[in-house]
Student: 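Pasting in a structure now, in structure tokens, and then I'll have a few things to ask.
Predicted model, so just to flag it, every value in this text is computed and none were measured.
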Amino acid sequence: MELPVALSWFAVTRLRPDLYRITEPCCHRMVRANCFLLLGSERDLLIDTGMGVAPLRPIVASLSSRPLSVFTTHAHADHIGGHPEFADLDIFVHPLEADELRRPGVRGLRFPKRAPEQIESLRRAGIELTEFMVDAVPYPDYDIEGYGRDPVEPTRLVDEGDVVDLGDRRLEVLHVPGHSPGSIALWEEATGSLFTGDALYDGVIVDTGPGASISAYLPTMERLKRLPVTEVFGGHNDTMTRSRMITVIERYMASRSGRGR
């Protein structure tokens, strides 16, 4: 199957003077993750790196002129695909996700086979998988089967209570397991901003993947619900207000109560 060539691979949206969102519109919605570039006075922070189908670093370089660090919310392929481009920089990750960064990624851009119950769970969430993870390629003669991620060695392991300092702003690391064992979020109390990766986003929460745990997710949701959040920047889809966040959390908890595992 020959896929069309995208006119532009990345979409960049300036959410605030100090914050950009970078997405890959031609990726399937299941793997169309948000990357956030947060600007500080002394250094900038790139939160996740997407699928790595096309070079992300030139895009980031056009937006950021300060020293840069990379923060890994979790080590699923759609959030760490571009990490090898930044292997010379500081890369933060939770200890429970570090080994996944150190392993090479799966080759090719076909969706892996899933158990029937997982496929049905995704369908109930409104997600239909296609053959490929993309509906276009970034340039002619792109090798879909040759796609892959090189191993990356993280430079800093971070956990609950650690602080990421950008000079004029400090963000606290929260350990928020459930989607994966080492999922971490960033909480900026001064602005009420919460960067959650796939621990929380505006949509049906998928908790059937490798390493997912409903029993871990429920207390994570309870905790996030109590935070005095102004805005949530999730790993997928649009940003959320506090009221929308609570709606998503309560919907999830109602659907999973009594099903912890």
Student: For His79 together with His236, are the ring centres under 6.0 Å from each other?
Tutor: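 Yes; His79 has its ring centre under 6.0 Å from that of His236.
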Student: Do Glu222 and Met253 have side chains that approach each other closer than 4.5 Å (heavy atoms only, starting at C-beta)?
Tutor: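 They are in side-chain contact.
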Student: Identify which one of Ile59, Leu56, Val134, Thr23 satisfies the side-chain contact (heavy atoms from CB on, under 4.5 Å) criterion when paired with Trp9.
Tutor: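 When Ile59, Leu56, Val134, Thr23 are each tested with Trp9, the side-chain contact (heavy atoms from CB on, under 4.5 Å) holds only for Val134.
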Student: Could you see if Met51 belongs to whatever hydrophobic cluster contains Phe111? Use Ile, Leu, Val, Met, Phe, Trp, Tyr and a side-chain cutoff under 4.5 Å.
Tutor: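 Hydrophobic grouping puts Met51 with Phe111.
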Student: More than 12 heavy atoms of other residues, nucleotides or ligands under 6.0 Å from CZ of Arg107: yes or no?
Tutor: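 More than 12 within 6.0 Å, yes.
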Student: Does the gap between the ring centers of His74 and His94 come in under 6.0 Å?
Tutor: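 When the ring centroids of His74 and His94 are compared, they turn out to be at least 6.0 Å apart.
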Student: Could you walk me through whether Ser193 and Arg16 pass the side-chain hydrogen bond (donor to acceptor under 3.5 Å, both in side chains) test, one step at a time?
Tutor: CA-CA 12 Å; Ser193 299; Arg16 301 188 314 220; 3.0 Å; yes
Student: Can you establish whether the number of heavy atoms outside Glu189 located under 6.0 Å from its atom CD is more than 12?
Tutor: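 No, because the 6.0 Å sphere around CD of Glu189 holds 12 heavy atoms or fewer from other groups.
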Student: Backbone N or O of Leu227 within a donor-acceptor pair of the Arg242 side chain at under 3.5 Å?
Tutor: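 Yes; judged by distance alone, with no hydrogens or angles, the pair exists.
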Student: Does Leu186 sit in a hydrophobic cluster with other residues, and if so which ones, taking ILVMFWY side chains as linked at heavy-atom separations under 4.5 Å, directly or through other members?
Tutor: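 Traced through the cluster, Leu186 reaches Leu15, Leu19, Phe36, Leu38, Leu45, Ile47, Phe71, Phe92, Val158, Val164, Leu166, Leu171, Val173, Ile184, Phe195, Phe233.
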Student: Checking side-chain polar atoms at under 3.5 Å, does Glu231 have a donor or acceptor matched by the opposite partner on Thr239?
Tutor: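 Glu231 vs Thr239: donor-acceptor pair found between side chains.
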Student: Taking Asn34 for the side chain and Asn237 for the main chain, is one N or O donor matched with an acceptor at less than 3.5 Å?
Tutor: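 Side chain of Asn34 to backbone of Asn237, a donor-acceptor pair under 3.5 Å: yes, one is there.
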Student: For Met221 and Ile205, run side chain to side chain contact (heavy atoms under 4.5 Å, CB included): C-alpha distance rounded to whole Å, both residues' side-chain angles, the deciding distance at 0.1 Å, then the answer.
Tutor: CA-CA 11 Å; Met221 290 297 196; Ile205 303 298; 4.0 Å; yes
Student: State whether the side chain of Tyr142 and the backbone N or O of Val5 hold a donor-acceptor pair below 3.5 Å, judged by distance alone.
Tutor: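 Side chain of Tyr142 to backbone of Val5: no pair is present.
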Student: Hey, is the main chain of Gly50 close enough, under 3.5 Å, to the side chain of Asp48 for a donor-acceptor pair?
Tutor: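 A pair under 3.5 Å: no.
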Student: Using side-chain heavy atoms (C-beta onward) and a distance below 4.5 Å, is Phe10 in contact with Pro58?
Tutor: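 Contact flag for Phe10/Pro58 side chains = no.
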Student: Report the C-alpha distance between Ser180 and Glu97 in whole Å, list the side-chain angles of each, state the deciding distance to 0.1 Å, and finish with yes or no for side chain to side chain contact (heavy atoms under 4.5 Å, CB included).
Tutor: CA-CA 8 Å; Ser180 70; Glu97 309 279 316; 3.1 Å; yes
Student: Strictly by salt bridge (charged side-chain N to carboxylate O under 4.0 Å, His left out), give each pair with a member in residues 56-66 just once, sequence neighbours left out.
Tutor: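 As it turns out, the salt bridge (charged side-chain N to carboxylate O under 4.0 Å, His left out) pairs with a partner in residues 56-66, which skip direct neighbours, are Asp44-Arg66, Arg57-Asp88.
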Student: Taking Thr155 for the side chain and Ile91 for the main chain, is one N or O donor matched with an acceptor at less than 3.5 Å?
Tutor: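 Answer holds: yes.
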Student: Within the distance-only criterion (no hydrogens, no angle test), does the side chain of Ser255 pair as donor or acceptor with the backbone N or O of Tyr252 below 3.5 angstrom?
Tutor: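 Judged by distance alone, yes, a pair lies under 3.5 Å.
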